[in-house]
Amino acid sequence: MRLDVVTIFPAFFDVLDVSLLGKARERGLLDIGVHDLRDFTHDRHRTVDDTPYGGGAGMVMKPEPWGEALDGLLQPESILVIPSPAGERFTQGVAREFATESHLVFACGRYEGIDHRVGEHFAREHRVRSVSIGDYVLNGGEVATMAMIEAISRLIPGMVGNPESIVEESHEGGLLEAPAYTKPAQWRGLAVPPVLMSGNHGAIRQWRADQSVERTRSIRPDLLP
Ligand SMILES: COc1ccc(Cn2ccc3ccc(-c4cc(N)[nH]n4)cc32)cc1
């Protein structure tokens, strides 16, 4: 999979060279390009924003630099992902969907967002998805993009050591995962549920399934079918 990120803070994505993502890049599982939006400006101040039509607080990102940057990146099969507080909800299902794609381009806005015509223009010939990672407001699209890259890339075959571990995770099956424990069996007066040390794999499977439903009902009833 190829990922391209356009941002006015390219250094923000230096962290993509460490941990799982760094290894994936070394192994050729993932190819990531980070591009500075200001490289697509032509004035002395490398201007990327201007005042909003209709007035209002803050600044809006100009369409021209985005047009030039994205013209050079988008292929017919690409999906343009635009993080936004007003986007569709990014869920594990959307992560799974994006993980099957060959090329994702993330447009990281700042200020009060990107001129609306950028998404409108590229939707004429490409798939464009405006995506929110949650109902709170960030200062820009970079954190949202980082979260999405992590959620998507770990679903790419070969990325995570044990693919089995993904199946039992929260949200993978639509519910929250059961609580996890490791040694010691007793810790500060707290014991590990005996069933997990029984060796009875059928009972363990059932306990985890029950725990998953019970936790989902109590913490995230909205996820229940
Ligand atoms: C119109 O109100 C505002 C509009 C944008 C902003 C700041 N901002 C600029 C670009 C950008 C991209 C994504 C996000 C974002 C995504 C989620 N889930 N929360 N926040 C925030 C973003 C502040 C306010």
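Just so you know, ligand 1 is whichever comes first in the structure, and atom 1 is the first atom listed for that ligand. Atom set for the values below is all heavy atoms of this structure, side chains included, hydrogens, waters and symmetry mates excluded.
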> Given Thr145, Leu138, Val137, which one has a non-hydrogen atom that is nearest to atom 7 (C) of ligand 1?
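Ranked by closest heavy atom to atom 7 (C) of ligand 1, first place is Leu138.
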
> Would one find an N or O of Arg110, backbone or side chain, under 3.5 Å from an N or O of ligand 1?
no

> Could you tell me the residue and atom name of the protein heavy atom closest to atom 6 (C) of ligand 1, and the distance to it rounded to 0.1 Å?
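For atom 6 (C) of ligand 1, the nearest protein heavy atom is Tyr111 O, 3.6 Å.
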
> Linking I/L/V/M/F/W/Y whenever any side-chain heavy atoms sit under 4.5 Å apart, do Ile32 and Leu37 land together?
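The answer is yes; both residues are in one hydrophobic cluster.
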
> Nearest to atom 17 (C) of ligand 1, what protein heavy atom do you find, and at what distance?
Tyr136 O, 3.6 Å

> Would you call Phe90 a ligand 1 contact, heavy-atom distance under 4.0 Å?
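Judged by the 4.0 Å heavy-atom criterion, Phe90 does not count as contacting ligand 1.
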
> For ligand 1, is there an N or O atom under 3.5 Å from any N or O atom of Pro83?
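Looking only at distances, the answer is no, because the N/O contact criterion of under 3.5 Å is not met.
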
> Which residue and non-hydrogen atom of the protein lie closest to atom 14 (C) of ligand 1, and at what distance in Å?
Pro85 CD, 3.5 Å

> At a 4.0 Å threshold, what atoms of ligand 1 neighbour a non-hydrogen atom of Gly134?
18 (N)

> Can you get from Ile152 to Met159 by hopping between Ile, Leu, Val, Met, Phe, Trp and Tyr side chains that sit under 4.5 Å apart?
yes

> Checking contacts here: is it the side chain or the backbone of Ala86 that comes within 4.0 Å of ligand 1, counting heavy atoms only? Could be both or neither.
neither

> Mind checking whether Leu104 and Val94 sit in one hydrophobic cluster, side chains of I, L, V, M, F, W, Y counted as touching below 4.5 Å?
yes

> Using the salt bridge (Lys or Arg N to Asp or Glu O under 4.0 Å) definition, which of the options Glu77, Glu101, Glu97 pairs with Arg127?
Glu101

> Select one of side chain, backbone, both or neither to describe which atoms of Ile114 lie under 4.0 Å from any atom of ligand 1, heavy atoms only.
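Near ligand 1, Ile114 shows nothing, with every heavy atom at 4.0 Å or more.
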
> Taking side-chain contact (heavy atoms from CB on, under 4.5 Å) as the criterion, tell me which of Ile114, Asp115, Thr47 meets it with Lys62.
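Only one option passes, and that is Thr47.
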
> Report yes if Ser132 has an N/O atom closer than 3.5 Å to an N/O atom of ligand 1; otherwise report no.
yes

> For a side-chain contact (heavy atoms from CB on, under 4.5 Å) check, start with the C-alpha distance between Glu112 and Asp49, then their side-chain angles and the critical distance, and finish with the verdict.
CA-CA 10 Å; Glu112 299 296 302; Asp49 63 310; over 6 Å; no

> Check for me, please, whether Ile79 and Leu73 land in the same ILVMFWY cluster - side-chain distances under 4.5 Å, paths through other members count.
yes

> Would you confirm whether Arg208, through its side chain, and Ala178, through its main-chain N or O, come within 3.5 Å as a donor-acceptor pair?
no

> Which protein heavy atom lies closest to atom 4 (C) of ligand 1, and at what distance to 0.1 Å?
Glu112 O, 3.6 Å

